[in-house]
Amino acid sequence: MIEVRNLTKAFPDGTLALNDVNVTIPDGDFVAVIGLSGAGKSTFLRCLNRLVDPTSGSILVGGQDVAPLSGRKLQLYRRTVGFVFQQFNLVTRLSVLDNVLHGRLGYHSTFSGMLGLYTEDDYARARDAIRLVGLSEKEDTRVSSLSGGQQQRVAIARAIAQDPQLMLADEPMASLDPRLSDVILGLLRGYNEEKGVSVLINIHVLEHARRYCKNFLAFNRGRLVASGPIADLTSELETEIYAGSLDAL
Ligand code: ADP
């Protein structure tokens, strides 16, 4: 379970990207994070995996407040959170297998990671993850020669190889042909259903959210303005969310 309490993020230039956000996310959820561009969706996900330092508030993940973590403790927490980026963030000159093995880096010292000293278990987990995303025959292929859709599948495999307790995806289909959305969302949902790991996905196309997600969180100008089962996301509510006419929850 994730419990976010009074989460606020002010960037140094004064932008209030998140303003007193309170929400509880049960285990095994599949959540669409929605709202206009600039509403704070990405900052919210990045606070959850601590790519961004919250200004105040707490983020309880499995009972541990991860908001104040730093140093080694932060490193240990970050390896338990998979993150799928819009732009994949892969090392394109390396093979699929090498990129997915990077998901295991958090389990090693920086030194052994740099030397590529992976264990048998790391290789087994990486190969399993590659198989899950259907790219076994591309294991030794350089990422640069793959299509965008295949590259995003590699990025999902890398996140799965981390064996995360939480999976976050920040507009993972935005750089891809819309026809590939079902592949990416299907992989994330399959992982969610098989492992019971919560997935939070920043998603633009509400049609996709309705088809794949269980619940939604809606942001407007840094505030959480609506949440609940995806079936409650009526077109009227959608209009209010995007018009900015709702009060904070
Ligand atoms: P969304 O993901 O909903 O598009 P973001 O979380 O990216 O929204 O951004 C929320 C607000 O925070 C926006 O006003 C954005 O310009 C601002 N913002 C995001 N990152 C930074 C940053 N590093 N420095 C200053 N402002 C930022």
Side-chain angles (χ1 to χ4, degrees), residues 2-25 29-59 61 66-70 74 77-78 81-89 148 152 155-156 159 166-176 178 181 184-185 188 198-210 212-213 215-228 230 232-233 235 237-249:
I2 303 166
E3 282 184 84
V4 175
R5 295 286 164 259
N6 308 111
L7 181 64
T8 293
K9 174 63 189 179
F11 283 105
D13 67 359
T15 305
L16 196 53
L18 293 175
N19 188 353
D20 198 26
V21 172
N22 290 280
V23 65
T24 300
I25 299 160
D29 208 347
F30 198 105
V31 184
V33 181
I34 66 170
L36 282 174
S37 178
K41 306 179 296 295
S42 181
T43 305
F44 179 68
L45 294 187
R46 284 161 198 263
C47 280
L48 291 186
N49 86 331
R50 294 293 324 281
L51 272 174
V52 161
D53 290 328
T55 304
S56 59
S58 57
I59 304 168
V61 181
V66 301
L69 295 181
S70 62
L74 177 57
Y77 169 66
R78 298 253 319 256
V81 184
F83 202 98
V84 180
F85 297 85
Q86 180 180 337
Q87 300 293 345
F88 324 138
N89 283 25
Q152 194 57 299
I156 292 172
L166 172 65
M167 180 79 91
L168 307 173
D170 196 3
E171 292 193 45
M173 290 91 69
S175 311
L176 301 176
S181 298
I184 300 302
L185 285 164
L188 291 170
S198 288
V199 175
L200 276 75
I201 177 165
N202 175 358
I203 199 164
H204 264 319
V205 181
L206 295 189
E207 192 41 45
H208 292 148
R210 290 197 170 91
Y212 286 91
C213 297
N215 289 298
F216 73 97
L217 300 176
F219 286 86
N220 191 278
R221 284 188 242 121
R223 289 186 178 273
L224 185 67
V225 294
S227 69
I230 200 78
D232 291 355
L233 184 61
S235 53
L237 180 56
E238 187 185 320
T239 305
E240 289 180 316
I241 291 165
Y242 287 91
S245 56
L246 297 173
D247 291 331
L249 287 180

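Atoms considered below: every heavy atom in the structure, side chains included; atoms not considered: hydrogens, waters and symmetry mates. The shown structure was predicted, so the numbers you read here are calculated from the model rather than taken from an experiment. Indexing begins at 1, ligand by ligand and atom by atom, following the structure's order.
When every heavy atom of Ala10 is checked against every heavy atom of Leu16, the shortest pair comes out as CB-CD1, 4.0 Å. In terms of heavy-atom proximity, Gly222 sits nearest to Val21 at O-CG2, 3.6 Å.
For the atom pair CZ of Arg223 and CG of Asn22, the computed distance is 10.5 Å after rounding to the nearest 0.5 Å. Rounded to the nearest 0.5 Å, atoms CG (Leu188) and CD1 (Ile156) are 4.5 Å apart.
The single protein non-hydrogen atom nearest to atom 9 (O) of ligand 1 is Thr43 OG1, 3.8 Å, given as residue, atom name and distance. Atom 19 (C) of ligand 1 has as its closest protein heavy atom Phe11 CE1, 3.5 Å. Protein heavy atom closest to atom 7 (O) of ligand 1, with residue, atom name and distance, is Ser42 CB, 3.6 Å. Remark: minimum distance from atom 3 (O) of ligand 1 to any protein heavy atom is reached at Lys41 NZ, 2.8 Å. Remark: minimum distance from atom 12 (O) of ligand 1 to any protein heavy atom is reached at Ala17 CB, 3.4 Å.
Those atoms of ligand 1 that come under 4.0 Å of a heavy atom in Asp13, given as number and element, are 25 (C), 26 (N). Taking every heavy atom of Ala39 and a limit of under 4.0 angstrom, the matching atoms of ligand 1 come to 1 (P), 3 (O), 8 (O).
Side-chain N/O atoms of Ser42 and Asn202 include no donor and acceptor closer than 3.5 Å. For the residue pair Ser56 / Arg5, no side-chain donor-acceptor distance below 3.5 Å is found, with atom types taken as modelled.
The heavy atom nearest to atom 8 (O) of ligand 1, considering only Gly40, Ala10, Gly222, is found in Gly40.
In this structure a side-chain-to-backbone donor-acceptor pair under 3.5 Å is present from Gln152 to Phe85. A donor-acceptor contact shorter than 3.5 Å is absent between the side chain of Arg50 and the backbone of Leu74.
Residue contacts with ligand 1 for Leu36 involve N, CA, C or O but no side-chain atom from C-beta outward (heavy atoms, distance under 4.0 Å). With a heavy-atom cut-off of 4.0 Å, Thr15 touches ligand 1 through its side chain alone.
At least one heavy atom of Gly38 sits less than 4.0 Å from an atom of ligand 1.
At a distance under 4.0 Å, no protein heavy atom can be found next to atom 16 (O) of ligand 1.
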